[in-house]
Amino acid sequence: MLSRVVSIEELKKIQEWDILVIGGGATGLGIAVDAAQRGFKTLLVEKNDFAKGTSSRSTKLVHGGVRYLAQGNIKLVVEALRERGYLLANAPHLTRVQHFIIPAYGYFQKWYYGIGLLLYDLLSNRLSLGKPSLLGKNKVLKLLSGISGKGLKGGVMYTDGQFDDARLAISLGLTAADLGATLLNYVAVVELLKKDGRIAGAKLTDELTATTYEVKSKVVINATGVFVDSILDMDDTASPAAVMPSQGVHVVVSKDFFPGEQALMIPKTRDGRVLFAVPWQGAVVIGTTDTPLDQISEEPSALDEEIDFILDHFNQYSQKKITRADVLSVFAGLRPLVKTSNTGSTAFASRDHTILVSPSNLITITGGKWTTYRKMAKDAVNNAAFVAKLPIVKCRTRKLRLHGYDPQIKYGEPLSAYGSDAIQIRKLMEEHSDWGSKLHPRHDHVKAEVIWAVRMEMAMQLEDVLARRLRILFIDAAAAIAVAPEVASLMALELGKSAEWEEEQVGTFVEVAKGYLP
Ligand SMILES: Cc1cc2nc3c(=O)[nH]c(=O)nc-3n(C[C@H](O)[C@H](O)[C@H](O)COP(=O)(O)OP(=O)(O)OC[C@H]3O[C@@H](n4cnc5c(N)ncnc54)[C@H](O)[C@@H]3O)c2cc1C
């Protein structure tokens, strides 16, 4: 259970933490799980909600990265394929195997992709999800019934993984809490505290109550994604920049434009990227772009040219053409790419992760992928334990079943994202007949999920429920706006909030949600 009341009590009680983690995205939450499992007294603070940053805005692929193979980054691909295997095994309720098809418009192309994907599969070794297969034109058109057959010579089908990113983040948070870690959303690090030139803790602000706290910690890990430089700055204003942010946009459309269960992978766009169209939660997610940015924001927004780029590319392959009016949701995320002296396109920048240990002993981790969060956490905690002279304990997360683990549950079915917790939600539905009713006719979500999110998953604001505990905002922004008043009223009852709070929540949420409508 994630409880803010309990966590605030812990915050006041504990004299000194072993590890303070700043940032509640994939990286920070993975670190909290690893550190807590090693028995370290761990505190994680997140300025917004868990996964509010990049970690809810990915393409939702658990993958080795076919593109990185083409770039020759074998080490990253091998590492990510290994992690893909572990994640599929440890969180079956939040992941699944996904088939992808690359359409080929020449016979050389078909064999070229076929051989490349065979190598991709060989690199996954014992964790292979199945060999790629060469497909004839008719088979491609049967499996990808939405694409146009013009000039098509066949294709190659290969296998990777797919997941629900924000729900995996919540599951990691719950796993860390199960293992004894203390986690808080809406608590920001505003200052680093030092003793004899070394980091000894941090000053925190509770963003919901404006209360400030000072906490001591033997070591502090900066896992704030594209915001790592702001924390490095708190340590030393002369710190060189560690990240170069790059924006990636996705559009979500109805499955009418792309029916079937297979995903489409277009291996080369104008700017040298790949473009995916992947079935997800009853809709199709299409993306992404790679736009270097100078300014970063907590709520990044898609540029018009990014939306056009995605629609143009997809429409070149599809039978039914998508217009802006067909888009159900559009979301943007910021890649925390490791800064290099390379001034070229960020599309070719490395997706490896890097760990920096500052002279003050601040540990900063950046780069990487959702897929490799576990390995990143292991490396970060190894470094932190060394710096803080914590007892030597081996990382044991490789076979750690994540919260909700239940191999019987099939990803994608109603309530499957809760794994073994689904049974408790069904009990809520029995207790209150109204809580079993659907929030919106186009979606399976029921009212009991809102109650659960508030009681057990630390949902504090309307957006936490509609964007990350449930994924409605990312799939269908208009539906999210439509259900906002009802969800706010259910939350207000649970949290003991006033009618003014409800109104303010709905107003703030609708403003954010409008940014998800093109
Ligand atoms: C468009 C796109 C598509 C992607 N697709 C995939 C994919 O399909 N598969 C894959 O494996 N990877 C993918 N990735 C990469 C993956 O999403 C990221 O590597 C990962 O989510 C980064 O997580 P993070 O925890 O480092 O950063 P974040 O998720 O951004 O988390 C950092 C957190 O730190 C918090 N924070 C900042 N400052 C403070 C402070 N002062 N105090 C407290 N908290 C603070 C922020 O609020 C934020 O929540 C994609 C990335 C993008 C952008």
Side-chain angles (χ1 to χ4, degrees), residues 1-3 29 49-51 55-56 60 62 87-98 161-175 177-178 252 255 261 278-283 285 328-329 401-460 462-476 479-480 482-484 486-491 493-494:
M1 171 187 186
L2 288 167
S3 159
L29 290 164
D49 183 29
F50 305 117
S55 298
S56 55
K60 300 23 166 155
V62 191
L87 184 54
L88 288 170
N90 291 329
H93 57 302
L94 290 166
T95 59
R96 69 169 176 148
V97 162
Q98 171 70 57
Q162 197 213 37
F163 75 126
D164 182 338
D165 48 11
R167 285 298 325 175
L168 181 61
I170 301 303
S171 170
L172 285 174
L174 289 162
T175 308
D178 293 346
V252 180
K255 276 199 86 173
E261 291 310 310
V278 192
W280 190 64
Q281 306 226 351
V285 176
L328 299 173
S329 181
R401 306 308 199 195
L402 299 189
H403 184 97
Y405 172 85
D406 183 344
Q408 305 302 324
I409 286 177
K410 212 168 149 246
Y411 170 88
E413 285 174 356
L415 302 184
S416 62
Y418 304 93
S420 52
D421 284 343
I423 204 163
Q424 305 294 336
I425 298 174
R426 288 204 180 89
K427 272 194 193 144
L428 289 178
M429 289 158 72
E430 282 161 20
E431 275 169 33
H432 293 257
S433 56
D434 183 45
W435 289 356
S437 51
K438 274 188 172 195
L439 287 169
H440 192 279
R442 285 202 293 274
H443 300 278
D444 285 331
H445 295 297
V446 291
K447 293 181 186 172
E449 292 178 73
V450 179
I451 308 297
W452 183 260
V454 173
R455 284 190 192 170
M456 308 302 283
E457 298 181 341
M458 218 184 270
M460 304 304 297
L462 183 54
E463 189 198 317
D464 305 350
V465 172
L466 290 174
R468 292 170 292 276
R469 304 306 181 282
L470 318 181
R471 306 307 309 275
I472 302 185
L473 179 62
F474 283 78
I475 296 162
D476 186 346
V483 301
E486 175 148 42
V487 173
S489 135
L490 285 165
M491 290 183 76
L493 272 177
E494 274 301 303

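Note that this is a predicted model, so its numbers are computed, not measured. Only heavy atoms go into these numbers, but all of them, side chains included; no hydrogens, no water, no symmetry mates.
- Side-chain atoms of Lys255 and Pro279, non-hydrogen and from C-beta on, do get closer than 4.5 Å to each other.
- Looking at every heavy atom in both residues, Ser171 comes nearest to Leu94 through CB-CD1, 3.6 Å.
- Not counting sequence neighbours, the partners of Ala453 by the side chain to side chain contact (heavy atoms under 4.5 Å, CB included) test are Glu457, Ala459, Val465, Arg469.
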(request) Show your reasoning for whether side-chain contact (heavy atoms from CB on, under 4.5 Å) applies to Phe474 and Gln281. (result) CA-CA 10 Å; Phe474 283 78; Gln281 306 226 351; over 6 Å; no

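- Panel note: side chain Glu486, backbone Val483; no donor-acceptor pair is recorded below 3.5 Å.
- Leu172 is listed as a side-chain neighbour of Leu402, based on a closest heavy-atom distance under 4.5 Å.
- Remark: Lys410 NZ is loosely packed, at most 12 non-hydrogen atoms of other residues, nucleotides or ligands lying under 6.0 Å away.
- Under the 3.5 Å distance criterion, the side-chain polar atoms of Thr95 are matched with a main-chain donor or acceptor of Ala91.
- One distance of note links CG of Asp406 with NE2 of His93; it measures 8.5 Å at 0.5 Å rounding.
- The shortest heavy-atom contact between Val252 and Ala283 is CG1-CB, 3.7 Å.
- For the pair Tyr411 and Trp280, the tightest heavy-atom approach, listed with the atom from each and the gap, is OH-NE1, 3.3 Å.
- Relative to the six-membered ring of Trp435, Lys447 misses at least one condition, a distance below 6.0 Å or an angle of at most 45° to the axis.
- Interatomic distance, Ile451 CD1 to Leu493 CG, rounded to the nearest 0.5 Å: 7.5 Å.
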(message) side-chain contact (heavy atoms from CB on, under 4.5 Å), that's the test. Do Val450 and Trp452 meet it? Break it down for me.
(response) CA-CA 5 Å; Val450 179; Trp452 183 260; over 6 Å; no

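- Under a 3.5 Å cut-off, the side chain of Ser329 and the backbone N or O of Asp476 do not form any donor-acceptor pair.
- Pro414 and Asp444 make their closest contact through CG-OD2, 3.9 Å (heavy atoms, listed as atom of the first residue, atom of the second, distance).
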(message) I'd like to know whether Asp49 forms a side-chain contact (heavy atoms from CB on, under 4.5 Å) with Glu463, so could you lay out the CA-CA distance, the side-chain angles of the two residues, the decisive distance to 0.1 Å, and finally the verdict.
(response) CA-CA 9 Å; Asp49 183 29; Glu463 189 198 317; over 6 Å; no

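- Asp464 places a side-chain N or O within donor-acceptor distance of the main-chain N or O of Met460, the cut-off being under 3.5 Å.
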(message) Go through it in stages, so that I can follow the logic: the residues are Asp164 and Arg471, the test is salt bridge (Lys or Arg N to Asp or Glu O under 4.0 Å), and I'd like the CA-CA distance, side-chain angles, deciding distance and then a yes or no.
(response) CA-CA 9 Å; Asp164 182 338; Arg471 306 307 309 275; 2.6 Å; yes

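- Leu328 approaches Ile475 most closely through the heavy-atom pair CB-O, 3.2 Å.
- Not one N or O on the side chain of Ser56 forms a donor-acceptor pair closer than 3.5 Å with the backbone of Arg468.
- One finds the CZ atom of Arg167 at 9.5 Å from the OG atom of Ser416 (value rounded to the nearest 0.5 Å).
- Distance alone, capped at 3.5 Å, is enough to place a donor-acceptor pair between the His440 side chain and the Arg442 backbone.
- The shortest side-chain heavy-atom distance between Met491 and Val487 falls under the 4.5 Å cut-off.
- Counting heavy atoms from C-beta outward, Phe163 and Arg96 have side chains that stay 4.5 Å or more apart.
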Contacts under 3.5 angstrom, residues 420-431 side chains, donor-acceptor by atom type, not counting sequence neighbours:
| unit_1 | atom_1 | unit_2 | atom_2 | d |
| --- | --- | --- | --- | --- |
| Asp421 | OD2 | His403 | NE2 | 2.7 |

(request) Under the side-chain contact (heavy atoms from CB on, under 4.5 Å) rule, what do Leu2 and Met456 come out as? Steps first, then yes or no, please. (result) CA-CA 6 Å; Leu2 288 167; Met456 308 302 283; over 6 Å; no

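- Rounding to the nearest 0.5 Å gives a distance of 10.5 Å between CG of Asn90 and CG of Leu168.
- Here the closest non-hydrogen pair linking Arg401 and Thr175 is O-CG2, 4.5 Å.
- Taken from NE2 in His445 to CD1 in Ile472, the straight-line distance is 5.0 Å, to the nearest 0.5 Å.
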